[in-house]
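For reference, the structure is listed below as structure tokens.
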Amino acid sequence: MTLADFANQKQGATDWVPKALEEPIFVTRPRMPQKQAFIEAVDILWKSKWLTNNGAFHRELEARLQLLVGEGEVALTANGTLALLLALKVAGVETGKKVITTPFTFAATTHAVDWVGCEPVFADIDPVTGNIDPVSVANLMDDDVAAVLAVHVFGTPCDDEALQTICKEADIPLVYDAAHSFGTSVGGRSVFAMGTASATSFHATKLFSTAEGGAVFVRDADDKLRCDRFKNFGIANQDTIERSGLNMKMSEFHAAFGLLGLDGVNREIALRQAIATTYMARLAGVDGIRAVTTGIGFEPNWSYFAICVDEARVGISRDALFGALAALNIHCRKYFHPLTSRTPTYAHLPTASAEHLPVAHRFEREVLCLPVYGDLSVKTAAYIGDVIRHLAGYAPISKQMA
Ligand code: T4K
């Protein structure tokens, strides 16, 4: 039986046959600055010949981001993965220890723990948000744990209060991977202000982008200074190499690209909100499909729109849905599949077993990220929603081709 046959078997389904889109639709697209404005910024660099190492654009972007967050300090990096390494280093995480973290994340999170020479200890996740479960974290705490590294998955903030309490009690830092969290806040307070340090990504696929780039948000000027040294080979001044460090610096080209995109962030969030609302309206009442990113209880950025597909209730698996949509030129992503705990580097670890991580394993099977970006039309999102309804055996609402 084909998916179309299946869809048509269900009550309410019609003989509608969705058509493939002419142009591929991807899970996301970068928001580009005005080309002319970028050319003008490049002209400035041509004249100044100052291309990296804390140049004018770099300093301006740091200042603008600090203002946006409203507290603490910020250090730019060349990408989000280096920001994670830097956050762990500045939080004082030492080689040979353990770091409690989530397996439901992009590979970079777990690799950062590995690259600072620590063992990842996998906690299970919350069945609603997909974020690390504080109860699971508390159960894994022991004297060898040097930090907790939590991820605000798809931009939904973690339970910061519960995690802070656990970390304070254990006297260890709480580090956040806030790669999905640009522009999100809880009760008006930026998510970047949470934890001992928060690392984020400005990759091309992110809501705010410098093409490649990232940043670490820290609480005070001392930690900012330590970040600046760690990311510049440990150099304190021309005569002193104070500590071990790497080159993690963002170039002037990337900083300029970012500066030109900052003002458009709120508009982008509003456009994405319209997409998210469209998906939610189309998928409301489809038994077995639920939105993971609901935006409830915080100010969301809609950097991702994730759904869970319960095969037993929908009648088709997430993978079948993914394949059927791809055949129609709608390219979703199975973030985060596989769980990092299932990859060869970590699968042998005691906390990587499926029995220990039942919720994470369910998410790995069920989550699908639908396309969401400002340039996606609401009409196309409505069409995607209708295709999913159809594949789940429900009548589409409009049957209109995007
Ligand atoms: N922590 C978390 C929780 C993360 O999610 C990430 C990165 C990091 C840390 C590390 O930050 P970075 O070191 O990357 O700064 C993408 C991104 O490469 C990655 O940054 C991101 N998370 C992850 C969730 O997604 P892929 O392998 O899915 O990317 P890719 O190239 O398949 O792109 C996805 C879609 O985006 C494409 O189908 C089309 C569109 N796209 C992509 C690029 C690169 C464009 O339209 N233009 C582009 O230039 O990993």
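Note that ligands are numbered from 1 as they come in the structure, with each ligand's atoms numbered from 1 the same way.
For ligand 1, the atoms closer than 4.0 angstrom to any heavy atom of Ala204 are 49 (O). Set against the non-hydrogen atoms of Gly80, the atoms of ligand 1 under 4.0 Å away are 11 (O), 12 (P), 13 (O), 15 (O). Atoms of ligand 1 found under 4.0 Å from any heavy atom of Thr105 (numbered from 1 in listed order, with element): 3 (C). Residue Ala108 approaches ligand 1 through these ligand atoms, each under 4.0 Å from one of its heavy atoms: 8 (C), 9 (C), 10 (C). When each atom of ligand 1 is checked for a heavy atom of Ala179 under 4.0 Å away, the hits are 1 (N), 2 (C), 3 (C), 4 (C), 9 (C). Listed by number with element, the atoms of ligand 1 under 4.0 angstrom from any heavy atom of Thr109 are 1 (N).
Among all non-hydrogen protein atoms, the one lying nearest atom 13 (O) of ligand 1 is Thr81 OG1, 2.6 Å. For atom 46 (O) of ligand 1, the nearest non-hydrogen atom of the protein is Arg29 NE, 2.7 Å. Protein heavy atom at the shortest distance from atom 35 (C) of ligand 1 is Val27 CG1, 4.0 Å. Among all protein heavy atoms, the one lying closest to atom 40 (C) of ligand 1 is Thr28 O, 3.2 Å. At the shortest separation from atom 45 (C) of ligand 1 among protein heavy atoms lies Pro30 CD, 3.5 Å. Distance from atom 24 (C) of ligand 1 to its nearest protein heavy atom, with residue and atom name: Tyr304 OH, 3.6 Å.
The option from Phe26, Phe106, Phe104 that lies nearest to atom 6 (C) of ligand 1, judged by heavy atoms, is Phe106. In this structure, of Asp177, Leu84, Thr210, Thr200, the residue bringing a heavy atom nearest to atom 1 (N) of ligand 1 is Asp177. Of the candidates Lys206, His203, Arg333, it is His203 that places a heavy atom closest to atom 18 (O) of ligand 1.
Remark: Val135 pairs with Asp133, Asn139 by the side-chain contact (heavy atoms from CB on, under 4.5 Å) rule, at least two apart or across chains. Looking at residues two or more places apart in sequence or on another chain, you find a side-chain contact (heavy atoms from CB on, under 4.5 Å) between Val378 and Ala274, Ile275, Thr278.
Note on Asp228 versus Lys224: salt bridge recorded, some NZ/NE/NH1/NH2 to OD/OE distance being below 4.0 Å. Residues Lys334 and Asp319 are paired through a salt bridge, judged by an N-O separation under 4.0 Å between the basic side chain and the carboxylate. The pair Glu311-Arg365 fails the salt-bridge criterion, with no side-chain N (NZ, NE, NH1 or NH2) lying under 4.0 Å from an Asp/Glu carboxylate O. A salt bridge between Arg64 and Asp263 is present, with a side-chain N of the basic residue lying under 4.0 Å from a carboxylate O of the acidic one. The pair Arg29-Glu23 fails the salt-bridge criterion, with no side-chain N (NZ, NE, NH1 or NH2) lying under 4.0 Å from an Asp/Glu carboxylate O.
Applying side-chain contact (heavy atoms from CB on, under 4.5 Å) to Leu149 and the options Thr110, Thr102, Thr109 leaves one that passes, Thr109.
Looking at ligand 1, you'll find an N or O of Ser201 within less than 3.5 Å of one of its N or O atoms. Checked by distance only, ligand 1 and Tyr335 come closer than 3.5 Å through their nitrogen or oxygen atoms.
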Derivation and outcome, side-chain hydrogen bond (donor to acceptor under 3.5 Å, both in side chains), residues His356 and Ser353: CA-CA 5 Å; His356 172 66; Ser353 70; 5.7 Å; no
Pair Arg272-Leu207, side-chain contact (heavy atoms from CB on, under 4.5 Å): steps then yes or no: CA-CA 10 Å; Arg272 287 171 181 235; Leu207 175 87; 3.5 Å; yes
Test side-chain contact (heavy atoms from CB on, under 4.5 Å) applied to Phe182 and Phe192, step by step: CA-CA 8 Å; Phe182 196 98; Phe192 289 159; 3.8 Å; yes
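Residue-level proximity to ligand 1 for Thr205 is carried by the side chain, the only part with a heavy atom below 4.0 angstrom. Residue His180 touches ligand 1 through its side chain alone, judged by heavy-atom distances below 4.0 Å.
With a 6.0 Å cutoff to the six-membered ring centre and a 45° limit on the axis angle, Arg31 does not count as a cation-pi contact of Tyr373.
Shown here, atom 31 (O) of ligand 1 is out of close reach of the protein: none of its heavy atoms lies under 4.0 Å off.
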